[in-house]
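What you are looking at is a predicted structure, and each value in this text was computed from that prediction instead of being measured.
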Amino acid sequence: MTNGIRIILKPILITSYVFGLRIASLSSCSKLWFNVLYMLLLWSIYFSFLPSVTSTFKKFHSLIEDQVFYWYEVCTTLLSVAINIYYNTKFQNCLRKLDIVDNTLFKLGLITNYDKPGNKTLWFVLGWFVIVILTNCCTSWFINIEFNYKFKSALIYIYLLNYCFHINFIGDLTTASILQFIGLKFDQINEYLQNTMKYKQKKQTLKNRITYSHQRNISKTFGNKCIMWTITHLHVELRKIFREIDLIFGTQMTFKMASYFGWIVVDLREMLYAILVNNYVKYNIISIGSHCLWLIHNVFKFLLINYICETIVIKANVTTDLLNKLSFFNCDIEIREIISQLSLRTVHAPFKFCGIGFFQFGFKFFYRFMMSVVTVLVIIIQAQKTKQSSFSNYNNIY
């Protein structure tokens with residue numbers, strides 16, 4: 001049995017383990033407890049430095065909403081760690097099921113090249129390191145200029161402050177990589193079904209020109225009930241794995257969406273304040289650049305998950321449509337019955353990645369999310385203008 005999904009996820013899983021986001025995939029109980037102790041030690045060291053970090057944080061971020069979002073980010077990270085430990089067995093079972101699906105497709109002649117998705121995952125991790133360095137250095141530079149704080153001290157402070165924020169992104173990359181692998185399996189199934197339909201159409205077109213023996217070979221190759229049952233079963237199994245991934249990661253992704261909403265609004269507000277209110281002071285230009293970098297970061301994370309969820313739903317629906325079309329080329333009653341059962345299952349259990357059942361990740365949610373951000377931002381700007389006009393009228397009176 002191949003371990004394709006584990007090869008692809010290896011860079012991200014190792015990074016997650018090193019930074020205390022999830023435990024390593026070790027089998028023995030003693031090693032499991034060793035990993036749990038390592039995580040407890042790591043987070044104990046972090047929280048021992050947290051009081052000094054938060055005291056410095058209040059000097060640079062006096063607004064109450066910044067402090068609320070920061071503590072919300074910490075709570076979200078701790079929730080993710082707890083969920084990853086609790087669902088570790090189920091997560092490993094999902095990886096094993098994906099390996100079984102991969103081996104079954106291999107027996108059908110569908111070979112997966114793991115170099116491309118593996119390199120993509122490696123680039124994900126390298127890109128994560130680059131983003132951590134850029135965002136921390138840019139923010140430290142801004143603090144150094146605006147508050148006359150030493151750059152090295154500011155860099156250490158910013159790294160500890162944004163630690164939870166950055167490792168939450170690693171969790172997003174883990175979810176995205178698993179979902180991409182599931183999407184790759186749907187692509188292979190769709191490719192197989194499309195080739196089957198081409199041969200079926202070709203067989204009907206050339207029915208009067210080919211020999212009986214050749215017809216029989218095509219029928220054995222592409223009309224076999226066992227193959228159709230296997231393809232249908234693989235589709236159902238991928239849907240089950242997708243729902244289990246939704247159960248494991250859906251809760252933490254929902255809390256992260258709320259965090260992204262808050263930080264996107266804060267970044268946009270700071271950028272607009274620096275442009276409209278503070279009139280391009282030198283350090284405000286640096287502030288605009290820093291918040292713009294963070295804004296791009298948050299929007300990218302939000303768009304990444306929703307884009308992958310949308311594409312997987314489309315691929316799964318394409319598989320269902322191909323199976324329904326393929327049923328018209330088969331006169332076998334049992335094959336049609338298998339396909340009709342799958343169609344009935346897709347109607348009663350739609351294929352979707354949900355956030356605790358509140359919403360469905362995808363382009364529609366992304367559109368509603370951005371509209372909500374714009375609405376809140378307009379309210380904040382209007383409130384600030386009202387506050388400034390009231391303050392100026394007060395000064396004119398006195």
Side-chain angles (χ1 to χ4, degrees), residues 5 94 97-98 100-113 116-117 176 178-207 218-246 250 305-354 359-367:
I5 183 63
C94 289
K97 290 178 182 179
L98 286 174
I100 294 173
V101 170
D102 199 19
N103 280 276
T104 306
L105 290 173
F106 178 77
K107 291 180 180 179
L108 291 176
L110 301 175
I111 302 174
T112 305
N113 184 12
K116 186 176 180 179
I178 296 174
L179 295 180
Q180 275 192 332
F181 187 83
I182 295 176
L184 177 62
K185 299 298 108 179
F186 276 120
D187 285 336
Q188 290 181 321
I189 292 175
N190 293 339
E191 182 183 359
Y192 186 88
L193 292 176
Q194 288 173 354
N195 291 333
T196 302
M197 289 184 61
K198 289 179 181 179
Y199 277 101
K200 288 289 184 180
Q201 292 173 349
K202 183 178 180 180
K203 187 179 73 171
Q204 288 186 352
T205 304
L206 302 178
K207 186 175 181 180
I218 295 177
S219 177
K220 284 183 179 180
T221 305
F222 297 101
N224 199 324
K225 299 177 186 178
C226 181
I227 293 179
M228 291 302 302
W229 181 88
T230 302
I231 292 294
T232 307
H233 181 72
L234 288 176
H235 179 76
V236 174
E237 190 65 26
L238 286 174
R239 293 171 65 93
K240 290 180 180 179
I241 296 172
F242 187 81
R243 285 196 293 269
E244 290 181 359
I245 296 298
D246 183 16
I305 296 298
N306 286 277
Y307 171 76
I308 292 177
C309 291
E310 184 73 20
T311 54
I312 290 179
V313 171
I314 293 173
K315 292 175 182 179
N317 292 333
V318 168
T319 305
T320 305
D321 294 339
L322 288 174
L323 286 171
N324 289 328
K325 291 179 181 179
L326 194 60
S327 64
F328 292 103
F329 294 95
N330 286 280
C331 299
D332 193 283
I333 299 177
E334 293 185 12
I335 293 179
R336 289 189 173 184
E337 182 66 23
I338 292 172
I339 297 175
S340 64
Q341 289 179 1
L342 174 63
S343 301
L344 184 64
R345 183 175 302 203
T346 56
V347 171
H348 290 285
F351 192 78
K352 57 184 180 179
F353 192 88
C354 298
F359 52 84
Q360 178 180 351
F361 289 97
F363 290 152
K364 291 182 179 179
F365 174 67
F366 178 77
Y367 174 76

Parallel, tilted or perpendicular, as decided by the 30° and 60° cut-offs, for the rings of Phe353 and Phe242:
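Geometry flag for Phe353 against Phe242: perpendicular rings.
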Aromatic plane relationship, His235 with Phe186 - under 30° parallel, 30 to 60° tilted, over 60° perpendicular:
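It falls in the perpendicular class, over 60°.
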Quick check on side chain to side chain contact (heavy atoms under 4.5 Å, CB included): which of Lys185, Lys315, Arg243, His233 does Leu238 satisfy it with?
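For Leu238, the side chain to side chain contact (heavy atoms under 4.5 Å, CB included) test succeeds with only one of Lys185, Lys315, Arg243, His233, which is Lys185.
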Picking from Ile314, Ile308, Ile312, what satisfies side chain to side chain contact (heavy atoms under 4.5 Å, CB included) with Glu310?
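For Glu310, the side chain to side chain contact (heavy atoms under 4.5 Å, CB included) check succeeds only for Ile314.
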Checking side-chain contact (heavy atoms from CB on, under 4.5 Å) for the pair Ile182/Val101: CA distance, chi angles, key distance, verdict?
CA-CA 10 Å; Ile182 295 176; Val101 170; over 6 Å; no
Taking atom [atom1] of [X] and atom [atom2] of [Y], what is their separation to the nearest 0.5 Å?
{"X": "Gln194", "Y": "Thr319", "atom1": "CD", "atom2": "OG1", "result": "9.0 Å"}
{"X": "Thr230", "Y": "Leu105", "atom1": "OG1", "atom2": "CG", "result": "10.0 Å"}
{"X": "Leu179", "Y": "Thr311", "atom1": "CG", "atom2": "OG1", "result": "8.5 Å"}
{"X": "Leu98", "Y": "Asn103", "atom1": "CG", "atom2": "CG", "result": "11.0 Å"}
{"X": "Ile100", "Y": "Glu237", "atom1": "CD1", "atom2": "CD", "result": "7.5 Å"}
{"X": "Asp246", "Y": "Cys309", "atom1": "CG", "atom2": "SG", "result": "8.0 Å"}

Please indicate whether Phe363 has more than 12 foreign heavy atoms, meaning atoms of other residues, nucleotides or ligands, lying under 6.0 Å from its CZ.
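More than 12 heavy atoms, drawn from other residues, nucleotides or ligands, come within 6.0 Å of this atom.
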Test your reading of the model: is there a side-chain donor-acceptor pair from Asn306 to the backbone of Phe361, 3.5 Å cut-off?
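No, Asn306 side chain to Phe361 backbone: no donor-acceptor pair under 3.5 Å.
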Salt bridge between Glu244 and Lys97, side-chain N to carboxylate O under 4.0 Å?
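Yes, charged N to carboxylate O under 4.0 Å.
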Would you please test Leu108 and Leu234 for side-chain contact (heavy atoms from CB on, under 4.5 Å) and show each step?
CA-CA 11 Å; Leu108 291 176; Leu234 288 176; 4.3 Å; yes
